Structures are given as C-alpha cells and as structure tokens.
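Here is the structure we will look at.
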Number of protein chains: 2
Amino acid sequence: MPTGPSRRHPTLDEVAQHAGVSRSVASRALNNAPHVSRAKREAVQRAVRLLGYVPHPTARALATRQTGAAALVVSGEDPSIFADPFFTEVIVGASAALEEADLHLMLCLAASDRGRKRVEELMRRRGADGVMLMALREDDPLARLAEEADMPVVFGGRPIGPAPRHYVDVDNTGGAREATEYLLAHGRRRVATLCGRLDTEAGRARLRGYRDAMLSAGLEPLPPQEGDFTEPSGAAGMAALLSRHADLDAVFAANDNMAAGALRTLRAAGRTVPDDIAVAGFDDLTVARIADPPLTTVHQPVRALGQETARMLLTLINGQDPTPLILPTRLIVRASA
Amino acid sequence: MPTGPSRRHPTLDEVAQHAGVSRSVASRALNNAPHVSRAKREAVQRAVRLLGYVPHPTARALATRQTGAAALVVSGEDPSIFADPFFTEVIVGASAALEEADLHLMLCLAASDRGRKRVEELMRRRGADGVMLMALREDDPLARLAEEADMPVVFGGRPIGPAPRHYVDVDNTGGAREATEYLLAHGRRRVATLCGRLDTEAGRARLRGYRDAMLSAGLEPLPPQEGDFTEPSGAAGMAALLSRHADLDAVFAANDNMAAGALRTLRAAGRTVPDDIAVAGFDDLTVARIADPPLTTVHQPVRALGQETARMLLTLINGQDPTPLILPTRLIVRASA
DNA sequence: CCCGACCTTGGGAGCGCTCCCATTTGGAAG
DNA sequence: CTTCCAAATGGGAGCGCTCCCAAGGTCGGG
C-alpha cells in the first residue's frame with residue numbers, strides 16, 4: 001500500500017532512476033525524441049508503466065513556456081449573452097479541434113469587470129497559448145487588448161471596425177440578403193426586419209443584407225426594429241413593427257430566437273404565418289425546427305465556426321500565418337415563409 | 001519603445017531590483033502577505049506599475065502546487081449531448097462562482113476516447129485544482145476515476161449507484177411527481193410519460209416521480225417511452241405513445257426538449273393541446289416559453305446548480321468538507337396543461 | 001542600559017520538467 | 001588497427017515563483 005505524496009506522484013527523476021538512465025534520456029524517451037537507444041527507450045516505458053508516471057503539466061509548461069491550453073473568450077456586459085445555444089455549438093466545434101492538438105479549453109466569460117480583468121491578465125502574461133475572441137461589441141476593450149497581446153489571437157466573428165488580422169466569420173450579409181430575396185421572390189413586398197444589436201458586426205451585416213436585397217428589388221427598406229438577439233426582444237419588436245406598419249407581409253429576423261418571438265406575437269395578434277405574414281430567421285439552431293410553424297431560416301455552420309476558429313488559432317500557434325476565412329450560409333426553407 | 005522578451009515580461013526579480021528590495025519582499029508585497037514594511041510595500045507597488053509587471057501564472061502554479069483552474073467535465077458518448085442550452089446555463093453559474101475565487105474554468109467534453117483519456121490525465125496529475133463532473137451515465141468510467149483521483153471532485157447531478165461523497169443535485173423525483181400530480185389533479189387519468197435516458201440518474205429519478213404520483217392516485221403507471229432528452233426523440237416517442245394508447249389525455253415529458261417534440265407530433269396528428277391532451281415538461285429553459293402552447297413545466301434552477309457545484313468545489317479545495325445539496329424545483333403552470 | 005521578543009529582510013533551496021552541451025560510446029570507413 | 005563521425009548519454013542550468021530560515025533591526029520592559 002503505497003503512501004506519501006512522493007509515492008503517489010513519481011517524478012521524472014524517479015522514473016529515470018528506476019529505468020537506470022538519466023533524466024535527460026527519460027525525458028527524451030517520453031516525448032519520443034531522437035537520440036535514445038531502443039533498449040533504454042523501452043526501459044523507460046516499462047518504468048513509466050510500473051510507477052504509473054504521468055508528467056506534471058505545470059512543470060512542463062514552465063520549462064517549455066507553453067501552457068497547453070487555449071482560451072475562448074466571450075464578451076458581453078451580461079453573462080446571459082452566453083446563455084444561447086449558439087455558444088454550445090461553437091464550443092463543441094472548438095473543443096474538437098483543440099483536442100486533436102491536445103490543448104485544453106479555457107472558457108472565459110468576460111461579462112463582469114472582474115472577468116474582463118482576468119482576461120486582460122491572461123493575455124498580458126500568456127496564461128494560455130492562444131485566444132479566441134467572440135461576441136465583441138463596438139469599442140470593446142478586448143479589441144485593443146488583442147492588439148497589444150503578444151500571443152496568437154483569432155476572432156470568431158469579425159468585430160466592428162477594421163478587420164483584424166486573423167478571423168473566421170460567417171457570410172452574414174449574404175445570408176441575410178438571400179433570406180430577404182427569398183421573401184421578395186415569393187411575392188412579399190412589405191418586408192421589415194427585426195435586426196440584431198447594431199453594436200455588433202453580425203447585427204449590422206445582417207441588416208446590410210436585408211437592405212441590399214430590398215434596394216436591388218427597387219423597394220425602400222423599412223426602418224429596422226432593433227433587438228438583442230433574444231426571444232423577448234423579438235416578441236416586443238414584432239409588436240412595435242406591427243403597430244407601425246399594419247400591412248406588413250413579411251419579416252426577416254436577425255436570428256431564430258427573435259423570429260420565434262415574432263411568431264409568438266403574431267399568434268397572439270391573430271395573424272397567421274405564413275399566410276398573412278411570412279417570417280424568416282437566421283442561425284438554424286434547434287429552435288428553428290421546433291417553432292410553429294418551423295422557421296425558414298439561414299443556416300450558418302456554427303460548429304464549423306468554432307472548429308475553424310480553433311484550427312486557425314492552432315496554425316497561428318504553430319508559427320504559420322493563416323488567412324481569414326468566411327464560411328458560407330444557406331437558406332433552409334420551412335413552413336414559416 | 002521597449003523590445004525583447006525580457007523587456008516585455010519583467011520578472012519578479014526585476015521588480016525587486018527596481019524597487020530596491022529582495023525578491024522575497026517583492027513576493028510578499030505582491031501577495032499582500034505580512035512582514036513587509038509600508039515603505040517597501042509601496043516601492044514594490046510602484047515598480048510593478050512602472051514595469052507593467054504581471055506575475056507568471058505557470059511559475060506560481062509550479063511553486064504553490066495549485067493550478068488556478070477548475071475543470072468542468074461533461075461526459076457523453078457524443079459531443080452533441082453538450083449542445084443543450086442546459087449546459088450553457090450551468091456554465092454561466094459555475095463561471096460566476098469560480099470567478100469570485102479567481103479560478104479559471106477549463107471545459108472538458110469527455111465525448112471521445114481521446115477526450116476521456118485527457119480527463120484521466122488531468123485527474124491523475126492534478127491538472128486542475130478540482131473537478132466538477134456532469135452527465136455521467138451508468139457505469140461511466142469517470143466515476144471510478146473520480147474515486148481514485150486525489151483531488152477535490154464534486155458531482156453536478158448524482159450518478160447512478162451509490163451517492164458520491166460530494167454532489168449538488170436537483171429534486172428530480174419531487175419535481176416529476178409534482179408535475180404528474182398536477183396533471184392528475186386537473187382530471188387527467190390516462191397519463192403517460194416520455195422518460196429520459198434510463199442510463200442517467202436524472203432520467204430514472206424523473207420516472208420514479210411519475211410512478212409515485214400515479215400509484216398514489218391509485219392508477220397504474222403506463223410503460224414509459226424512453227427518449228434521450230432531445231426534441232426528435234420526444235417527437236418520435238410521442239408518436240409511439242399515441243399508437244400504443246390512442247386514448248391518452250396527458251403526457252409528462254422528462255424535459256422541455258422532449259415535450260416540444262411531443263407538441264410537434266401532436267400538432268401533426270391533429271390533437272389539440274391542452275384540450276385533447278395535456279403536456280408537461282421539465283427544465284423551464286427558453287424553449288418552454290416559446291413553445292406553442294407555452295409549456296407547463298418543472299422549473300429547475302440550472303444556473304444555481306452550476307453555481308452551487310462550483311461553490312462546493314471551492315469549499316472542498318479550501319480544505320473543508322461540505323455536505324451534499326439538493327436544490328428545489330417548482331412547477332410553472334403555462335398553457336400546455 | 002541591557003536583553004529578550006518580535007518584526008523585517010534577503011539568501012537560497014526547491015517545484016518538475018526541458019534542453020543545451022560536453023563527453024562517451026559504437027561503429028563504419030580507410 | 002587506427003581515424004573519425006554520428007549517435008547516445010548525462011550533467012547542469014534554467015523556467016519564475018514561493019517559502020523556509022537564519023540574520024539583522026527595533027523597542028519596550030526590567
């Protein structure tokens with residue numbers, strides 16, 4: 001019955017001693033580096049198994065100056081921003097990509113002052129090997145931090161302003177345009193938009209897409225009704241829209257949550273969808289399929305967004321210089337439009 | 001314009017030198033430990049500010065044998081399990097609690113073999129100061145790992161089998177019983193259940209609650225229709241239930257996703273809710289509110305679950321010995337029942 | 001005025017690993 | 001049987017921090 005801390009956690013020295021080799025050789029064998037004879041390599045492996053040796057990650061990190069972790073930072077003034085199924089999908093994708101490189105995922109919700117301060121420290125002191133930044137808003141302090149940080153940074157979704165050096169984004173404008181065009185192509189003329197937060201690039205880009213489509217069809221875009229990507233804001237926005245334009249025949253919402261909210265308001269107002277009024281959303285997450293009627297929506301590859309963002313970070317960590325990536329969207333037609 | 005790595009990342013030695021004190025004093029001043037004169041303490045603070053010093057987390061970790069991070073491990077054979085809004089809420093809660101203790105959150109999806117192996121290493125070698133384990137299934141290998149690990153472990157939701165030493169859970173049985181009782185109290189008699197995965201304790205516990213309520217009312221519980229907590233499984237399960245028992249007048253679903261699926265099937269089958277058949281769910285996440293009709297459901301404090309799990313882990317890390325915690329649920333009555 | 005008692009101080013030994021480099025070893029080539 | 005080169009080896013110096021401990025200072029009380 002082994003006891004004592006040294007017994008529970010053998011060090012590399014003990015392994016080396018046990019295998020009758022030096023620490024250097026043991027280290028090389030462990031990282032299967034060259035310059036180790038077959039015999040000693042096997043002796044080390046035996047000792048490792050026998051002692052149940054597991055390398056100490058922190059010690060390794062200190063010596064190599066690599067932490068073995070990447071951070072996913074989600075900005076926002078309220079942690080509820082994160083409570084969107086969108087992020088779980090992103091995380092699943094990022095996690096999968098990181099796993100291949102054997103990096104751990106640190107999740108930082110930069111929602112409070114304290115949270116932001118911790119992210120700042122992280123970036124100032126290389127608390128991670130790289131950082132993925134998401135959901136930045138206008139004048140987000142994280143943007144400046146990212147520039148000053150001497151560590152790999154990739155943006156998941158462009159921030160407002162000049163495009164950063166490294167980012168992965170989705171074709172927000174194209175998707176929104178396609179959805180709006182679809183509405184127009186099916187005879188709708190009084191098309192409004194429930195746009196998303198205009199202090200985010202995604203919100204603005206989708207609004208641009210809507211406007212582009214309207215103008216191309218020779219129609220005057222209606223003034224957008226701004227929401228914050230949540231269901232209640234969609235419901236409230238739809239009510240506002242209805243009172244302003246009683247004769248609407250279609251609405252493009254900046255995401256599925258808001259579209260679902262719109263549906264709820266329309267139902268309460270006695271309007272039928274899509275007969276009286278068509279509704280289209282954006283995201284194609286679960287909610288789009290379970291809405292009644294199921295939502296016609298712009299599918300965006302959310303999991304791939306996470307995965308590609310992580311991959312780009314990995315190539316950056318790897319010393320290469322990837323180019324930005326824009327992922328395509330596609331319209332999914334269901335019953336709501 | 002400072003250049004060179006040493007310039008960018010001053011060490012404690014440099015700070016000490018700058019402040020005209022020893023490294024020890026600088027260290028003490030930094031961690032505001034006692035035995036430092038006011039004058040030197042201030043000198044150190046000045047030097048810190050001047051040089052833009054940020055302590056090196058890894059070095060500190062190696063010296064203190066604490067990593068400054070806690071891991072949240074989500075088990076499951078498929079990463080899609082994680083793609084449930086439930087987890088984002090848990091994370092928001094856990095993140096908030098951890099933030100207060102200035103611990104980082106590492107997220108581990110133990111969905112692949114590789115992922116599980118990494119978790120194993122993490123636990124074997126104290127790659128974190130503590131671990132929160134969630135969504136364990138029957139005979140989950142993580143359970144054994146947790147016992148062997150010599151690090152603080154808290155379960156978020158009990159695993160199947162003997163209760164672990166430290167856990168936070170929700171009153172699943174009580175909530176399910178209450179929901180079923182509500183259905184019965186409103187005149188429903190042919191009440192079925194769309195139960196969740198029976199290889200999870202939550203799935204079993206909610207089934208028990210349903211059965212308890214039925215038996216207490218002198219009714220024979222109907223054989224449960226098992227799903228996997230997803231919307232499609234709810235839709236398919238509802239179809240199966242309908243073909244087996246055409247005369248159902250109520251369904252209790254083990255979570256909101258499945259209830260939403262049931263709603264979809266019922267709608268397609270031309271049954272009206274709640275007139276023909278009442279539906280109740282469990283969770284009270286966003287989907288419950290946006291379903292049509294809005295779901296009567298058992299509210300569980302998901303964010304608090306995350307928060308309390310993290311808090312319990314913190315007290316454990318702190319050397320204390322907390323007792324298990326069961327959080328209450330409450331029925332939220334909406335239009336579906 | 002002297003002597004403990006206590007607060008300060010800084011030296012130094014790690015924490016466990018990686019990696020450079022000098023040294024030894026084993027052969028292949030001449 | 002030398003000569004040399006490459007592979008193999010292990011010693012040792014860090015990585016940047018914490019913390020123990022011995023040494024020096026300051027003060028109050030006897």
Side-chain angles (χ1 to χ4, degrees), chain A residues 4-44 47-48 51-69 102 121-122 124-127 129, chain B residues 4-44 47-48 51-69 102 121-122 124-127 129:
Chain A
S6 70
R7 194 81 198 77
R8 291 190 76 79
H9 283 317
T11 69
L12 188 55
D13 279 292
E14 300 180 65
V15 171
Q17 200 173 348
H18 224 86
V21 303
S22 74
R23 186 166 16 92
S24 307
V25 170
S27 173
R28 260 173 255 141
L30 220 69
N31 301 304
N32 42 64
H35 304 310
V36 181
S37 68
R38 187 191 175 101
K40 304 225 166 186
R41 195 179 291 275
E42 283 170 358
V44 170
V48 163
L51 274 59
Y53 171 78
V54 182
H56 193 301
T58 308
R60 184 176 291 197
L62 183 60
T64 59
R65 322 186 110 286
Q66 303 208 35
T67 62
D102 212 41
E121 254 182 35
L122 188 85
R124 276 215 198 294
R125 207 36 165 144
R126 277 191 110 87
D129 295 342
Chain B
S6 71
R7 195 81 198 77
R8 290 192 76 79
H9 283 317
T11 69
L12 188 55
D13 279 293
E14 300 181 64
V15 171
Q17 200 173 347
H18 225 86
V21 303
S22 75
R23 184 165 19 91
S24 307
V25 169
S27 173
R28 260 174 253 137
L30 221 69
N31 301 305
N32 42 62
H35 306 308
V36 180
S37 67
R38 187 190 174 104
K40 304 227 166 186
R41 194 181 292 274
E42 282 170 359
V44 169
V48 164
L51 296 166
Y53 171 78
V54 182
H56 193 301
T58 307
R60 182 176 288 191
L62 183 60
T64 59
R65 321 186 112 288
Q66 303 208 35
T67 62
D102 211 41
E121 252 181 38
L122 188 85
R124 277 213 199 296
R125 211 29 170 154
R126 278 191 108 88
D129 294 342

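Computed from a predicted structure; not experimentally measured. Numbered from 1 within each chain, the chains take letters A, B, ... in sequence-line order.
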**Item:** Spacing between A/Arg38 atom CZ and D/dA7 atom C1', to the nearest angstrom
**Value:** 16 Å
**Complete:** Rounding to 0.5 Å, atoms CG (B/Leu30) and CZ (B/Arg41) come to a distance of 10.5 Å
**Asked** Rounding to a whole Å, what distance do you find between B/Asp13:CG and D/dC17:C1'?
**Response** 9 Å
**Message:** Using a 4.0 Å heavy-atom cut-off, does B/Pro55 contact any base of the nucleic acid, only the sugar-phosphate backbone, or nothing at all?
**Reply:** sugar-phosphate
**Asked** If you look at every strand shown and take non-hydrogen atoms under 4.0 Å, does A/His35 touch a base, only sugar-phosphate, or nothing?
**Response** base
**Fill in**
B/Asn32 atom CG is separated from D/dT18 atom P, nearest whole Å, by 12 Å
**Request:** Using whole Å, report how far CZ of B/Arg28 lies from P of D/dT18.
**Result:** 11 Å
**Message:** Does C/dT9 have its OP1 or OP2 closer than 4.0 Å to a side-chain nitrogen or oxygen of B/Ser37?
**Reply:** yes
**Prompt:** Are a donor atom and an acceptor atom from the side chains of B/His9 and A/Arg125 found within less than 3.5 Å of each other?
**Reply:** yes
**Prompt:** To the nearest Å, how far apart are B/Tyr53 OH and D/dC17 P?
**Reply:** 3 Å
**Nearest listed nucleotide, side chain of A/Ala63, among C/dG14, C/dT9, C/dT18** = C/dT18
**Asked** Does a distance-only test, which skips hydrogens and angles, find a donor-acceptor pair under 3.5 Å between the side chain of B/Arg65 and the base of C/dG16?
**Response** no
**Asked** Want to settle it: does B/Gly20 or B/Ala59 sit nearer the 5' end of DNA chain C, counting the closest nucleotide to each?
**Response** B/Gly20
**Request:** State whether A/Lys40 places a side-chain N or O below 4.0 Å from either non-bridging phosphate oxygen (OP1 or OP2) of D/dT9.
**Result:** yes
**Message:** Given the structure, check if the side chain of B/Arg23 and the base of D/dT18 hold any donor-acceptor pair shorter than 3.5 Å.
**Reply:** yes
**Request:** Would you classify B/Ser24 as touching base, sugar-phosphate or nothing, given that sugar-phosphate means primed atoms plus P, OP1 and OP2, and contacts are heavy atoms under 4.0 Å?
**Result:** base
**Prompt:** A/His9 has an atom NE2; how far is it from atom C1' of C/dC17, in whole Å?
**Reply:** 15 Å
**Item:** Flag, side chain of A/Asp129 to backbone of A/Gln66, donor-acceptor distance under 3.5 Å
**Value:** no
**Message:** Rounded to whole Å, how long is the line connecting atom CD of A/Glu14 with atom C1' of C/dC17?
**Reply:** 14 Å
**Asked** In whole Å, what is the span from the CD atom of A/Gln17 to the C1' atom of C/dC17?
**Response** 17 Å
**Request:** Heavy atoms only: give me the nearest A/Ala29-A/Val36 pair and the separation to one decimal.
**Result:** N-CG2, 4.0 Å
**Minimum side-chain heavy-atom gap B/Leu51-B/His18 below 4.5 Å** = yes
**Message:** By nearest heavy atom, map B/Ser22 and A/Leu30 onto DNA chain C; which one lands nearer the 5' end?
**Reply:** B/Ser22
